[in-house]
Amino acid sequence: MTPVATVIRSNAEFASQNIQGAVCVFAGATSGIGARTLERMTTMFASATFYVLGRSAMQFANQYKILHSLNPQINILYIETEVSLISGIDAACEQIAATERKVDFLCMSMGSIPMNGAVYSPEGIETCFALSYYSRIRLVTNLLPLLRQSQGPRVLSVLNGGKEKHIDEQDIGLARKWSLFAVVKHTTLMTSLVFDHLAASDDQITFMHNCPSLVKSDNLRRISVYKSPRFLWRIVRATTKGQMGNMRFCIGMSPKEAGEREAFHLTSSKYTPGSWRISSRSDIVPTNDALKYYKDNGWAEKIWEYTNGVWDEALVSENSMALI
């Protein structure tokens, strides 16, 4: 375990370098861990540009003021887009690429807890799956040319790294049998495999897949549990929500520490170029048996090809909807 004191000291040492001109891209930074990470990162540069991707600039307005009060020297550009759509990610990346020559840090933590079952986007992708995996990997892929122009590029996906398990190999996208637990298993394994795939052909970028474990955030308050007409299912969802909330607040990490640790992951020299799974206590997690099985049997390439196919189908669906 990396003690929090070590994390804080490392972050302070990084900030003391007074780095100027860094370019950071955040997706999922309007609440929870992402918001705390963004707050900490804004204080660690003499000057920097932060791109924040999200759905509502109006809702971000108060957070914008807080960030500027923490460091008036930073430039914060909010890109209003639907991050659950591949087309929305593409549009945001086009805006960034039109202005920047590099990207130094990419942090992704967007997600949702689908307590009301599977919900599909206009592009035909289940929203939770899109936010946790497809949109994130699309963002990474689109920004690779800019990341390669950085002297020390870092990519961080805050999800479930190190917890890889065996998946339903005949139903990768969970079209036939969807469940929240299956989404977690599939997105976790697929992220680690694709990061390994990308790192194998790029010796400059550090790809990190982190599992933050339980954090005392208020994200669960935004979950509605009353949309199903089935009385028993409403009770199950409400009970699950309450139990998850109680666990987080009883044993979860504080949001401040979570933000410190994610900033540490993005800036510490502990993590060199390559693909890493990182625990909630900032330790590098060895490859487990499930991940080793899939790596040894060529699944990194299979998942990469499958992902590209899903993107292609999504954009075809989006274009078809636009013509109607």
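If you read the sequence from its start, that first residue is 1, and numbering goes on from there.
Between Glu262 and Pro212 the shortest heavy-atom distance is OE2-CB, 4.0 Å. Residue Ser282 comes nearest to Lys270 through the heavy atom pair O-NZ, 2.9 Å, listed as atom of the first residue, atom of the second, then distance. Of all heavy-atom pairs between Gly34 and Ser109, the closest is CA-OG, 3.3 Å. Smallest separation of non-hydrogen atoms from Pro122 and Leu85: CD-CD2, 3.8 Å. Closest of all the heavy-atom pairs between Ala300 and Leu193 is CB-O, 3.6 Å. Contact record, Ala46 with Gln20: CB-CG, 3.7 Å, taken as the closest heavy-atom pair.
A distance-only check finds a donor-acceptor pair linking the side chain of Ser121 to the backbone of Glu123 [under 3.5 Å]. Of the possible polar contacts, none joining the Ser10 side chain to the Ser268 backbone as a donor-acceptor pair under 3.5 Å is found. Side-chain atoms of Asp104 come within 3.5 Å of backbone atoms of Val23 as a donor-acceptor pair (strictly under, hydrogens ignored). No donor-acceptor distance shorter than 3.5 angstrom exists from the side chain of Arg154 to the backbone of Leu106, with no hydrogens or angles considered. Within the 3.5 Å criterion, the main-chain N or O of Leu147 finds no donor-acceptor partner in the side chain of Ser150. A donor-acceptor pair under 3.5 Å is formed between the side chain of Arg136 and the backbone N or O of Leu131.
Using cut-offs of 30° and 60° on the angle between ring planes, the pair Trp299 and Tyr294 is perpendicular. Taking the six-membered ring where the residue is Trp, His209 and Phe195 present perpendicular rings, their angle passing 60° and hence far from 30°. Under the 30°/60° scheme for interplanar angles, the aromatic rings of Phe45 and Phe50 are found to stand perpendicular.
If you take CG on Leu38 and OG on Ser31, they are separated by 11.5 Å, rounding to the nearest 0.5 Å. A distance of 8.5 Å separates OG1 of Thr6 from CZ of Arg261, quoted to the nearest 0.5 Å. To the nearest 0.5 Å, atoms CZ (Phe14) and OG1 (Thr267) are separated by 5.0 Å. With values rounded to the nearest 0.5 angstrom, Gln95 atom CD is found 9.0 Å from Tyr51 atom OH. The distance from atom OH of Tyr120 to atom OG of Ser84, rounded to the nearest 0.5 Å, is 13.5 Å. The line from NE2 of His265 to OG1 of Thr206 is 13.0 Å long, rounded to the nearest 0.5 Å.
Every ring-ring contact (aromatic ring centres under 6.0 Å, His included) that Tyr134 has, sequence neighbours left out, goes to Phe129. Under the salt bridge (Lys or Arg N to Asp or Glu O under 4.0 Å) criterion, Glu82 pairs with no residue at all, not counting sequence neighbours. When the ring-ring contact (aromatic ring centres under 6.0 Å, His included) test is applied to His197, the partners found at least two apart in sequence or on another chain are Trp304.
Side-chain contact between Ser254 and Glu257: present, with at least one pair of heavy atoms (C-beta onward) separated by less than 4.5 Å. Inter-residue side-chain proximity for Ser280 and Cys211 is flagged as unmet; no heavy-atom pair is nearer than 4.5 Å. The shortest side-chain heavy-atom distance between Pro153 and Gln204 falls under the 4.5 Å cut-off. Under the 4.5 Å side-chain criterion, counting only non-hydrogen atoms from C-beta, Lys163 is in contact with Asn160. In this structure the side chain of Ile205 reaches within 4.5 angstrom of the side chain of Val155, judged on heavy atoms. Residues Val183 and Glu126 are in side-chain contact: their nearest non-hydrogen atoms beyond the backbone lie under 4.5 Å apart. A 4.5 Å side-chain heavy-atom check between Gln170 and Arg176 finds at least one atom pair inside the cut-off. Using a 4.5 Å heavy-atom cutoff, the side chains of Val103 and Ile96 are in contact.
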- Could you walk me through whether Leu139 and Leu53 pass side chain to side chain contact (heavy atoms under 4.5 Å, CB included), step by step? CA-CA 11 Å; Leu139 185 56; Leu53 280 57; 4.1 Å; yes
- Ile125 vs Val310, side chain to side chain contact (heavy atoms under 4.5 Å, CB included): CA-CA, chis, key distance, verdict: CA-CA 8 Å; Ile125 303 177; Val310 171; 3.8 Å; yes
- Task: Report the C-alpha distance between Asn71 and Thr43 in whole Å, list the side-chain angles of each, state the deciding distance to 0.1 Å, and finish with yes or no for side-chain hydrogen bond (donor to acceptor under 3.5 Å, both in side chains).
- Result: CA-CA 6 Å; Asn71 186 355; Thr43 67; over 6 Å; no
- Item | CA sep, side-chain torsions, deciding dist, call: Ile137, Trp311, side chain to side chain contact (heavy atoms under 4.5 Å, CB included) | CA-CA 10 Å; Ile137 301 302; Trp311 289 338; 3.7 Å; yes
- Task: Verify side chain to side chain contact (heavy atoms under 4.5 Å, CB included) between Leu189 and Leu291, making sure each step is shown before the conclusion.
- Result: CA-CA 7 Å; Leu189 178 70; Leu291 182 57; 3.9 Å; yes
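In the hydrophobic clustering of ILVMFWY residues, with side-chain heavy atoms under 4.5 Å counting as a link, Val4 and Val215 come out apart. Following chains of ILVMFWY side-chain contacts shorter than 4.5 Å, one can reach Leu174 starting from Ile172, so the two form part of one hydrophobic cluster. Taken together through direct or relayed side-chain contacts under 4.5 Å among Ile, Leu, Val, Met, Phe, Trp and Tyr, Val158 and Val285 form parts of separate hydrophobic clusters. The hydrophobic clustering, which links ILVMFWY residues whose side-chain heavy atoms are closer than 4.5 Å, places Met208 and Leu159 apart. Under the 4.5 Å side-chain heavy-atom criterion for ILVMFWY residues, a single connected hydrophobic cluster contains both Ile86 and Leu144.
Annotation: Lys102, atom NZ; neighbour count of heavy atoms from other residues, nucleotides and ligands within 6.0 Å is above 12. The 12-atom threshold is not exceeded at CD of Gln151, counting heavy atoms of other residues, nucleotides or ligands nearer than 6.0 Å. Surrounding CG of Asn297 are more than 12 heavy atoms belonging to other residues, nucleotides or ligands, all under 6.0 Å away.
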Give the table of side-chain donor-acceptor pairs shorter than 3.5 Å for residues 58-66, with sequence neighbours excluded, one pair per line with atom names and distance.
from	atom 1	to	atom 2	distance (Å)
Gln63	NE2	Ala29	O	2.7
Tyr64	OH	His68	NE2	3.3

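The pair Lys177-Asp168 does not meet the salt-bridge criterion, since no charged nitrogen lies less than 4.0 angstrom from a carboxylate oxygen.
For the residue pair Arg281 / Thr2, no side-chain donor-acceptor distance below 3.5 Å is found, with atom types taken as modelled. Between Thr49 and Glu100, the side chains place no donor N or O within less than 3.5 Å of an acceptor N or O (distance only, hydrogens not considered). Residues Glu164 and Thr188 bring no donor and acceptor atom of their side chains to less than 3.5 Å of each other.
Within the structure, the salt bridge (Lys or Arg N to Asp or Glu O under 4.0 Å) test picks out the following pairs touching residues 180-204 (sequence neighbours left out): Arg148-Asp202, Asp196-Arg277, Asp196-Lys295. Pairs of residues two or more places apart, or lying in two chains, never qualify as ring pair (Phe, Tyr, Trp, His ring centres under 6.0 Å) while including a residue from residues 139-162.
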